[in-house]
Colleague: 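Structure incoming, see below.
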Amino acid sequence: MSNKDIARIFRNVAAAYTIRDEKKFRFQIIAYQKAADAIMQLTTEAFALYKDGKLDTIPGVGPTIKTHLIELFTTGKVKHFTDVTKEVSEAVFPLLEVPGFGPKKAYRLVTEFKLKNSKTVLSDLENLAKKGKIAPLVGFGEKSQADILRFLGEYKDKKGKLTRVVLPYAFDAAEKILTYLKKLPTVTEAVALGSLRRMKSTIGDIDIAVASNKPHEAISYFTSYPLKERIIEKGDISASILLIGGMQVDLMVQPKSAFGSLLQHFTGSKNHNIKLREHALKLGMSLSEKGIKQQMVNGKWQMVNYDTEEKLYKALGMTWIPPEMREDTGEVELAIKNKLPKLVTLSDIKGDLHIHSNYPIEPSHDLGNNTMEAMLKKAENLGYEYLGFSEHNPSVSMHTKNAIYSILARRKDKIEQLKSSNKNIRVINLLETDILANGDLPIDDKCFEYLDATLVSIHSVLSTNKEDMTKRVLAGLSHPKAKILSHPTGRLLNQRPGYELDWEKIFDFCLKHHKALEINASPLRLDLPDTLVKDAIQKGVKLVIDTDSHDAQHMDMMQYGVSVARRGWAKKSDILTTLSYNEFVTWLKS
DNA sequence: GCCGTTTTCGGCCCGACTGTTTTCAGTCG
């Protein structure tokens, strides 16, 4: 029973409550949805928390849901959930995944046509719509029948928010639209917000805020965007389009005087906004994207506008919160107390330790594209104080031991020469060494004499179970020269989830033996994930941020790694590559 | 059903848009 399975069960329970009596069960519905969100955000399996007796550490899980979870883990089902959902055909639930369908519409159609089969319900409904059977129903019509056909079609094609893209792709799409929007003279500001501004690892849609005193003009112009496939909706102050390629773009307009409110609202997250609005209520105010409604001395309500976010947060009695923190994981409470951490920034970074040059090391994996000199030049341009070369270790199957010694010796000479010829930047002699399936490193102790230290990482036999993988990683990290665990979860965004590790054990080991975890800044990895960054630094584990560059251009990706650190609330002091060269090298030898 | 810098009881975000409606329900974020 995975966290995803549990979250789905909770969402289905919420939907069943909605169908039965939305008003009566209003707060149960919210409770189950919140619990589902929280479980999806966990960095450990809920089942592991159950075994450790720590279920009540999950936010949104109180005594009742905890009891249900225990029943779920011990018996595989929950009587209460069966009771709640028993009058709802199981054919309802797959429809809830389709945008445009909520519990009411799904239930109405499934009941009307007596659909029973959850495996065929999507195609069953599609056929009914094609035959014109939906339009005659009370409350439906030709238009909604056509909408249903389109919803189902786009769901099959995974268009809109169903496909999440990595950050650079979303930034590129957003930049094009922003450039287009700024050509309209009455648009005084156009900014990309939402999960893009919060720098989430993947992006489901692009949210854009526009400042203009002529909202109709901005909306018409936006909905005429040449790269759109179709207009999803178009109203007085907001609109959505679907781009060719499948991404959805939402746009909202406010006058410049209320732009701060709009920035805040559209940046989200949803749960952060709810927390702010609940806080506003306690202060006798009502917060929305238009401003704050406040009760005046004469008893009348008045809308107060905010042109900047800083003023808005101040009006709510708190300090401005960096977008990366706005996930309702405690940031609002800290902002009220003026105790937000000072997050690490890109300009704090003094070096990059995971660089693959094209030096002919005859590696087990891929080489980089550029010379060591070119990579150093780039590092200098970025203003770094030091750069660590960490090509993959020489392939063991293709070389004798002596051949490997001589490759590493030659490489050391090369790096020594670079060290003496480069006055503006310090060079560190590293390697990215595989951790083999049995936990051994593929190269022997003599090899490490040619290195300052090494990164270690997993590249093979990824389907190992959590316990064995943890042992394997710890075995690899235990070599005195192994200082950094690179791309620790092995995930590839949108491709594979990564292997499971016992993070408590990994964190403890890192603390005790002076090892660091890498935040790999490659936008396809972003690994360590933000949620684990937060856990790690809470434990006091040190991190480094590396780009894993195979090309000089990749070194610009550092910003994505920094954003992951910021999403994990990392301060400058949590990141070792903010240290000066001398301080860092001292740690490397610790 | 959860939760606490007014509370262990009494709260629980707010507004936009669409389609099918003559005033609103459903969905979305």
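Because the structure is predicted, anything quoted here is derived from the model rather than measured. Order of the sequence lines fixes the chain letters, A, B, ..., with proteins taken first and strands second; residue numbering starts at 1 for each chain.
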Colleague: List for me each residue that meets ring pair (Phe, Tyr, Trp, His ring centres under 6.0 Å) alongside A:Phe73, sequence neighbours excluded, and say none if there are none.
Modeller: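 Residues passing ring pair (Phe, Tyr, Trp, His ring centres under 6.0 Å) with A:Phe73: A:Phe47, A:Tyr50.
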Colleague: Which listed nucleotide (B:dG26, B:dG29, B:dC17) is nearest to the side chain of A:Ile237?
Modeller: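 The nucleotide sitting nearest to the side chain is B:dC17.
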Colleague: Taking atom P in both B:dC13 and B:dC17, compute the distance separating them and give it to the nearest angstrom.
Modeller: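 That atom pair is separated by 22 Å.
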Colleague: Can A:Glu324 and A:Lys200 be counted as an ion pair, charged N to O under 4.0 angstrom?
Modeller: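 Salt bridge: no.
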Colleague: List in chain and number order the residues that pass ring pair (Phe, Tyr, Trp, His ring centres under 6.0 Å) with A:His68, two or more places apart in sequence or in another chain; answer none if no residue qualifies.
Modeller: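 Listed in chain order: A:His80, A:Phe81.
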Colleague: Return whichever of A:Glu289 or A:Thr18 has its heavy-atom-nearest nucleotide of DNA chain B closer to the 5' end.
Modeller: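 Counting from the 5' end, the first nearest nucleotide belongs to A:Glu289.
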Colleague: In whole angstroms, how far is the C1' atom of B:dC12 from the CG atom of A:Leu276?
Modeller: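 Distance check: A:Leu276 CG to B:dC12 C1' gives 16 Å.
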Colleague: Which nucleotide, B:dC14, B:dT27, B:dT7, lies nearest any side-chain atom of A:Leu281?
Modeller: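 Shortest atom-to-atom distance from the side chain points to B:dC14.
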Colleague: Which of the following nucleotides, B:dA16, B:dG1, B:dC28, is nearest to the side chain of A:Pro99?
Modeller: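 Comparing B:dA16, B:dG1, B:dC28 against the side chain of A:Pro99, the answer is B:dC28.
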Colleague: In this structure, how many angstroms lie between the P atom of B:dA16 and the CG atom of A:Asp236, rounded?
Modeller: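 Those two atoms, CG and P, are 9 Å apart.
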Colleague: Using only side-chain N and O atoms of A:Ser286, determine if any of them is under 4.0 Å from OP1 or OP2 of B:dC14.
Modeller: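 Yes, within the criterion.
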Colleague: Judged by atom type as modelled, is there a donor-acceptor pair below 3.5 Å linking the side chain of A:Asn305 to the main-chain atoms of A:Gly291?
Modeller: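 It does not hold such a pair.
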Colleague: What is the separation between atom CG on A:Leu283 and atom P on B:dC13, rounded to the nearest whole Å?
Modeller: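 So the two atoms are 15 Å apart, to the nearest Å.
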Colleague: If you check every side-chain atom of A:Asp250, which of B:dT27, B:dG29, B:dT7 has the closest atom?
Modeller: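 When the side chain of A:Asp250 is considered, B:dG29 is the closest of B:dT27, B:dG29, B:dT7.
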Colleague: Can you tell me if the side-chain N/O atoms of A:Lys104 get under 4.0 Å from OP1 or OP2 in B:dG26?
Modeller: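 Yes, within the criterion.
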Colleague: Taking only Lys NZ, Arg NE, NH1 and NH2, and the carboxylate oxygens of Asp or Glu, determine whether A:Asp147 and A:Arg150 approach each other closer than 4.0 Å.
Modeller: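 Salt bridge flag = yes for A:Arg150 with A:Asp147.
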Colleague: Under 4.0 Å between a Lys/Arg side-chain N and an Asp/Glu carboxylate O for A:Lys339 and A:Glu331?
Modeller: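 Salt bridge flag = no for A:Glu331 with A:Lys339.
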Colleague: Assess, by modelled atom type and distance only, whether the side chains of A:His272 and A:Glu327 contain a donor and an acceptor separated by less than 3.5 Å.
Modeller: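 No, no side-chain donor-acceptor contact under 3.5 Å.
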Colleague: Please give the distance between the C1' atoms of B:dG26 and B:dT21 as a whole number of Å.
Modeller: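 Rounded to whole Å, the distance is 13 Å.
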Colleague: Rounding to the closest angstrom, what is the interatomic distance between B:dT27 and B:dT20 at atom P?
Modeller: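 Their P atoms lie roughly 14 Å apart.
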Colleague: Give the ring-plane orientation class for A:Phe151 versus A:Phe101, where under 30° counts as parallel, over 60° as perpendicular and anything between as tilted.
Modeller: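 Plane angle over 60°, so perpendicular.
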Colleague: Applying a 4.0 Å non-hydrogen cut-off, can you work out what A:Lys337 is touching in the nucleic acid: base, sugar-phosphate, or nothing?
Modeller: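 Base, at least one base heavy atom under 4.0 Å.
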Colleague: Mind checking the C1' distance from B:dG29 to B:dT23? Whole angstroms is fine.
Modeller: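 Roughly 24 Å separates the two C1' atoms.
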Colleague: Would you kindly compare A:Phe101 and A:Val61 by the position of their nearest DNA chain B nucleotide and give the one closer to the 5′ end?
Modeller: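 Looking at the nearest nucleotide for each, A:Val61 comes out on the 5' side.
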Colleague: Ignoring backbone atoms, establish whether A:Lys293 has a side-chain N or O less than 4.0 Å from OP1 or OP2 of B:dG15.
Modeller: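 Yes.
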Colleague: All N/O contacts under 3.5 Å from nucleotides 18-20 of chain B to the protein, with atom names and distances to one decimal?
Modeller:
| residue | atom | partner | partner atom | Å |
| --- | --- | --- | --- | --- |
| B:dT18 | OP1 | A:Lys234 | N | 2.6 |
| B:dT18 | OP1 | A:Lys234 | O | 2.9 |
| B:dT18 | OP2 | A:Lys234 | O | 3.2 |
| B:dG19 | OP1 | A:Lys143 | NZ | 2.7 |
| B:dT20 | OP1 | A:Gly141 | N | 2.7 |
| B:dT20 | OP1 | A:Gly141 | O | 3.4 |
| B:dT20 | OP1 | A:Ser144 | N | 3.2 |
| B:dT20 | OP1 | A:Ser144 | OG | 2.9 |

Colleague: When the C1' atoms of B:dT22 and B:dT18 are compared, how many Å lie between them, rounded to an integer?
Modeller: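 Result for the C1' pair: 16 Å, nearest Å.
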Colleague: With respect to the phosphate group of B:dC12, does any side-chain polar atom (N or O) of A:Lys34 fall under 4.0 Å of OP1 or OP2?
Modeller: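 Looking at the OP1 and OP2 atoms of B:dC12, neither is under 4.0 Å from any side-chain N or O of A:Lys34.
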Colleague: For B:dT8 versus B:dG4, give the span between their P atoms, rounded off to a whole number of Å.
Modeller: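 B:dT8 and B:dG4 have their P atoms separated by 13 Å.
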Colleague: Taking the six-membered ring for Trp, does A:Phe27 stack with B:dC12 (centroid gap under 5.5 Å, planes within less than 30°)?
Modeller: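 Yes; by the centre-distance and plane-angle rule, A:Phe27 counts as stacking on B:dC12.
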Colleague: Quick check for you: among B:dG15, B:dC2, B:dC13, whose closest atom lies nearest to any side-chain atom of A:Pro63?
Modeller: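 Of the options given, the side chain of A:Pro63 lies nearest B:dC2.
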Colleague: Could you check which of B:dT7, B:dG26, B:dC13 has an atom nearest any side-chain atom of A:Arg277?
Modeller: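 So the nucleotide nearest the side chain must be B:dC13.
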Colleague: Please confirm whether A:Lys293 makes a cation-pi placement over A:Trp301, using NZ or CZ under 6.0 Å from the six-membered ring centre and within 45° of the ring normal.
Modeller: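 Not flagged: A:Lys293 not positioned over aromatic ring of A:Trp301.
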Colleague: Check every strand shown and say whether A:Phe266 touches a base, only sugar-phosphate, or nothing at a heavy-atom separation below 4.0 Å.
Modeller: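 The answer is nothing, as A:Phe266 stays clear of every strand by at least 4.0 Å.
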Colleague: Using a cut-off of 4.0 Å on non-hydrogen atoms, how would the nucleic acid contact of A:Leu287 be classed: base, sugar-phosphate, or nothing?
Modeller: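 Contact class for A:Leu287: sugar-phosphate only.
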Colleague: Please pick, from B:dT7, B:dG1, B:dC12, the nucleotide with the shortest atom-to-atom distance to any side-chain atom of A:Glu278.
Modeller: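 The answer is B:dC12, which lies nearest to the side chain.
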Colleague: Would you indicate, yes or no, if B:dC2 has its OP1 or OP2 atom less than 4.0 angstrom from a side-chain nitrogen or oxygen of A:Thr64?
Modeller: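 For B:dC2, OP1/OP2 do have a side-chain N/O of A:Thr64 under 4.0 Å.
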Colleague: Pick the C1' atom in B:dG11 and in B:dT7, then give their distance to the nearest Å.
Modeller: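 To the nearest whole Å, 8 Å.
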Colleague: Give none if B:dT27 has no partner; otherwise give the nucleotide forming a Watson-Crick or G-U wobble pair with it, both distances under 3.5 Å.
Modeller: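 Check on B:dT27: paired to B:dA16, both distances under 3.5 Å.
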Colleague: Is the ring centre of A:Tyr306 less than 6.0 Å from the ring centre of A:Phe259?
Modeller: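 No: the rings miss the under 6.0 Å criterion.
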Colleague: Kindly say if A:His80 contacts the phosphate of B:dG1, meaning a side-chain N or O under 4.0 Å from OP1 or OP2.
Modeller: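 Result: yes.
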Colleague: Can you tell me, in whole Å, how much space there is between the P of B:dC12 and that of B:dT6?
Modeller: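 The same atom, P, in both gives a distance of 15 Å.
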